[in-house]
Amino acid sequence: MTAASADSVFVTRSEGISAEGVRDQYADGKAAKVWEIFIGDKNSRTDNYKKFLINLLRAKNCKRILDVACGTGVDSIMLLEEGFEVVSVDASDKMLKYALKERWNRRKEPAFDRWIIEEANWLTLYDDIKDVVKGGFDAVLCLGNSFAHLMDSSPQQLEHKKAIRNFEMCLRPGGMLLIDHRNYDNILETGSTPAKSLYYNTSHTADIKTSVLFYCGKPAMVTMDYQIEANNLKSEFRLSYYPHALNQFSNILKEIFGAKAEHQLFGDFKDLSVVKNPAFYIHLIQKPLN
Ligand SMILES: C[S@@+](CC[C@H](N)C(=O)[O-])C[C@H]1O[C@@H](n2cnc3c(N)ncnc32)[C@H](O)[C@@H]1O
């Protein structure tokens, strides 16, 4: 049994499958609907996260941003409000529906009128959006533990490399990719996932039950069952992730961006020297100028 077929045996509660291309775990709309509740008020980012992202983008002189996992549009909207030019893409039309609705509601604001939202898949990203890439973006963002949704059954992680290559192709020389993943090294060691969100000030109790599927003695997939309580209602949805090991992930980034690329690593939006065992790793890798 390959990890890909294991994925289909280990049935997800929220098991949407897109008509073509990559499996859309959000296709039945369940997680999309609950996501809005899960993340709470769109303005209520944790200060750490908001400051980290905005300060970093400004410090690196980034103006044109590509959000490749925009989901319901939560990060993109914050960036538009902060004066950045944003193009947002996602593979799930059920998630995009919420972003499109917000753009329509705020269409009289020039930044929202100019906001480009497209359906696109990381595996074909450059081809999907080459008309809007032009000279390349100043920054590509893939945040919120999104990249780990992409499963890869090949031992060389060919699909992961293909997706990262597409992100790199969308950047201008000197542009940066900001991409995160949960601390799967720790999740595999402890068998549990911290429920508290570092990204959002969600007021709803969220429990995350974690299971790990092994293939040939190696962890192939981590499944998280989210339980959200809001207005006396209990909602549940299940999402599956590829358990990226920190070293392996860093090596893929360096392989695609080249030896000259500057790679910086953060833990929970702080320098790694002050966070020993973070819940999230955030990688910043800069495309060399030549
Ligand atoms: C966890 S949500 C995060 C959304 C948003 N960044 C946030 O923090 O709220 C992950 C998003 O990644 C998208 N996604 C997963 N695989 C994808 C792929 N191969 N191509 C494009 N988007 C994908 C999903 O559709 C989903 O909207």
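Whatever order the structure lists ligands and atoms in, that order sets their numbers, starting from 1.
- In this structure, R106 forms a cation-pi arrangement with F112, its terminal cationic atom sitting closer than 6.0 Å to the ring centre and no more than 45° off the ring axis.
- Residue C70 has no nitrogen or oxygen atom sitting less than 3.5 Å from a nitrogen or oxygen atom of ligand 1, judged on distance alone.
- Proximity of L177 to L284: side-chain heavy atoms (C-beta onward) are nowhere separated by under 4.5 Å.
- In this structure the side chain of F147 reaches within 4.5 angstrom of the side chain of W122, judged on heavy atoms.
- Relative ring orientation between Y281 and H181 is described as tilted, the plane-to-plane angle lying within the 30° to 60° band.
- A distance of 7.5 Å separates NZ of K254 from CD1 of I285, quoted to the nearest 0.5 Å.
- Taking every heavy atom of G71 and a limit of under 4.0 angstrom, the matching atoms of ligand 1 come to 4 (C), 27 (O).
- In terms of N/O distances under 3.5 Å, ligand 1 is approached by D90.
- Only backbone heavy atoms of L143 (N, CA, C or O) come within less than 4.0 Å of ligand 1; its side chain stays farther off.
- Any N or O atom pair closer than 3.5 Å counts here, and A69 shares at least one such pair with ligand 1.
- Contacts of N121 with ligand 1, taken as heavy-atom pairs under 4.0 Å, involve both backbone and side chain.
- Per-residue contacts place M95 under 4.0 angstrom from the following atoms of ligand 1 (heavy atoms of the residue considered): 27 (O).
- Residue contacts with ligand 1: N145 is excluded, as none of its non-hydrogen atoms falls under 4.0 Å.
- Against a heavy-atom cut-off of under 4.0 Å, V74 is close to the following atoms of ligand 1: 7 (C), 9 (O).
- Neither the backbone nor the side chain of A163 comes within 4.0 Å of ligand 1, counting heavy atoms alone.
- Heavy-atom proximity to S92, at under 4.0 Å, picks out these atoms of ligand 1: 25 (O).
- With rounding to the nearest 0.5 Å, the separation of CG in L123 from CG in L150 is 5.0 Å.
- Within the set F147, W122, Y241, the minimum heavy-atom distance to atom 21 (C) of ligand 1 is found for W122.
- In summary, the atoms of ligand 1 found under 4.0 Å from a heavy atom of A120, numbered by their order in the structure, are 20 (N), 21 (C).
- Not a single N or O atom of G144, backbone or side chain, sits closer than 3.5 Å to an N or O atom of ligand 1.
- Between R114 and E85 there is no salt bridge, since no side-chain nitrogen of the basic residue lies less than 4.0 Å from a carboxylate oxygen of the acidic one.
- Side chain of D180 to main chain of N145: a donor-acceptor pair is present (N/O by atom type, distance under 3.5 Å, no hydrogens or angles).
- For F249 and H283, the gap between ring centers is short of 6.0 Å.
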